[in-house]
**Student:** 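A single structure is presented below for examination.
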Amino acid sequence: KAGVTQTPRYLIKTRGQQVTLSCSPISGHRSVSWYQQTPGQGLQFLFEYFSETQRNKGNFPGRFSGRQFSNSRSEMNVSTLELGDSALYLCASSPSIGDTQYFGPGTRLTVL
Amino acid sequence: QKEVEQNSGPLSVPEGAIASLNCTYSDRVSQSFFWYRQYSGKSPELIMSIYSNGDKEDGRFTAQLNKASQYVSLLIRDSQPSDSATYLCAVNRASNSGYALNFGKGTSLLVTP
């Protein structure tokens with residue numbers, strides 16, 4: 001089975017811009033979660049989607065949003081980028097909510 | 001109090017030795033626990049999951065869970081230089097609406113030849 005894929009792998013943006021990241025889960029997996037990883041804060045939960053519905057959300061500002069499509073693929077969007085948004089954004093998929101999560105390779109976002 | 005705590009290390013062990021990685025968590029209702037390995041510049045890779053008190057073995061890896069003490073550990077037997085990585089402890093926390101994996105900040109392991 002193919003693993004979780006994320007595109008793009010690297011992004012460079014400037015402050016104030018917005019960005020959209022994409023995640024394709026493992027075939028058959030219906031739950032997708034997003035995480036932000038920074039050296040200072042570690043891995044932090046952003047949100048979880050299942051059946052096209054956001055089921056849970058972490059403690060991030062409203063500039064961070066996401067959605068899930070009927071084929072379980074997911075996108076996350078960050079608007080009005082700030083320097084502190086520079087991070088590795090990781091997507092993880094699982095068969096269903098609460099199941100073991102498998103991570104994609106991540107998208108490295110740099111905000112200048 | 002942080003929800004999931006790990007010693008940041010680095011933990012240095014000689015090749016062939018047993019590496020012991022520890023993790024404590026604060027949410028008593030947590031039900032599932034995971035260890036991920038992350039090499040520098042890569043994404044986390046699942047090593048073990050554990051749900052019940054006691055030990056769970058998979059090859060050179062043994063996960064131990066003690067819910068009464070809110071403690072999870074990972075033992076790596078016959079450590080190899082290729083085991084050098086950051087090990088992340090994750091605890092699945094349930095809320096009214098869903099689940100979220102809470103991660104510790106990881107323990108850096110260095111296996112020296």
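Quick caveat, the model's predicted, so the values are computed rather than measured.
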**Student:** Quick check on A/N71: does its CG atom have over 12 non-hydrogen neighbours (other residues, nucleotides or ligands) under 6.0 Å away?
**Tutor:**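 Counting other residues, nucleotides and ligands, CG of A/N71 exceeds 12 neighbours.
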**Student:** Hey, quick one: are A/V19 and A/L46 part of the same hydrophobic cluster, counting side-chain heavy atoms closer than 4.5 Å, chains of contacts allowed?
**Tutor:**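 Both belong to a single hydrophobic cluster.
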**Student:** Do B/L21 and B/V72 sit in the same hydrophobic cluster, where Ile, Leu, Val, Met, Phe, Trp and Tyr count as joined when their side-chain heavy atoms come under 4.5 Å apart?
**Tutor:**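 Yes, B/L21 connects to B/V72 through the hydrophobic network.
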**Student:** Can you establish whether the number of heavy atoms outside B/R60 located under 6.0 Å from its atom CZ is more than 12?
**Tutor:**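 Atom CZ in B/R60 is packed in, count exceeds 12.
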**Student:** Any idea which of B/S49, B/S32, B/A100, B/A90 has the most non-hydrogen atom pairs under 4.5 angstrom with chain A?
**Tutor:**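 Among the listed options, the one with the most contacts to chain A is B/A100.
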**Student:** Could you tell me which portion of A/T100 (side chain, backbone, both or neither) has an atom closer than 4.5 angstrom to a non-hydrogen atom of chain B?
**Tutor:**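 It is both, since atoms from each part get that close.
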**Student:** So how far is it from A/Q44 CD to B/L101 CG, rounded to the nearest 0.5 Å?
**Tutor:**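 It is 13.5 Å, given to the nearest 0.5 Å.
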**Student:** Could you check whether any side-chain N or O of B/K105 sits under 3.5 Å from a backbone N or O of A/G40, counting only pairs where one atom can act as donor and the other as acceptor?
**Tutor:**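 Here the side-chain-to-backbone pair exists.
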**Student:** With the 4.5 Å side-chain cut-off for hydrophobic clustering, are A/W34 and A/L88 part of the same group?
**Tutor:**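 Result: no, two separate clusters.
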**Student:** Taking B/S43 for the side chain and A/G104 for the main chain, is one N or O donor matched with an acceptor at less than 3.5 Å?
**Tutor:**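 Yes, the answer is positive, given that a donor and an acceptor are paired below the 3.5 Å cut-off.
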**Student:** Is B/Y87 linked to B/L65 within one hydrophobic cluster, defined over Ile, Leu, Val, Met, Phe, Trp and Tyr using a side-chain heavy-atom separation of less than 4.5 Å?
**Tutor:**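 Yes; tracing contacts between hydrophobic side chains, which count when under 4.5 Å, links both residues.
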**Student:** For the CZ atom of A/F103 and the CD atom of B/Q38, what is their distance to the nearest 0.5 Å?
**Tutor:**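 One finds 8.5 Å between CZ of A/F103 and CD of B/Q38.
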**Student:** Which bit of A/F47 comes within less than 4.5 Å of chain B, counting heavy atoms only: side chain, backbone, both or neither?
**Tutor:**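 A/F47 has no heavy atom closer than 4.5 Å to chain B.
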**Student:** Could you look at A/L90 and say if it's the side chain, the backbone, both or neither that has a heavy atom under 4.5 Å from chain B?
**Tutor:**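 For A/L90, the side chain is the part near chain B, not the backbone.
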**Student:** Are side-chain heavy atoms of A/Q101 and B/Y36 found at a separation under 4.5 Å?
**Tutor:**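 Heavy-atom side-chain distance check passes, below 4.5 Å.
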**Student:** Please confirm whether B/F103 and A/Y35 have ring centers closer than 6.0 angstrom.
**Tutor:**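 Yes, ring centres under 6.0 Å apart.
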**Student:** Let's test your reading of the structure: which of A/A92, A/G106, A/P105 forms the most heavy-atom pairs below 4.5 Å with chain B?
**Tutor:**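 Among A/A92, A/G106, A/P105, the one with the most close pairs to chain B is A/P105.
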**Student:** Atom OH of A/Y102 and atom CG of B/L46: how far apart are they, to the nearest 0.5 Å?
**Tutor:**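 Result: 5.5 Å between the selected atoms.
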**Student:** Pick from B/L88, B/V4, B/N102: which one makes a side chain to side chain contact (heavy atoms under 4.5 Å, CB included) with A/L43?
**Tutor:**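 In the set B/L88, B/V4, B/N102, the residue that makes a side chain to side chain contact (heavy atoms under 4.5 Å, CB included) with A/L43 is B/L88.
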**Student:** Are A/Y89 and A/V111 connected in a single hydrophobic cluster, I mean Ile/Leu/Val/Met/Phe/Trp/Tyr linked by side-chain heavy atoms less than 4.5 Å apart?
**Tutor:**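 Result: yes, single cluster for both.
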**Student:** Which answer fits B/F33, side chain, backbone, both or neither, if we ask what part of it has an atom under 4.5 Å from a heavy atom of chain A?
**Tutor:**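 Neither part.
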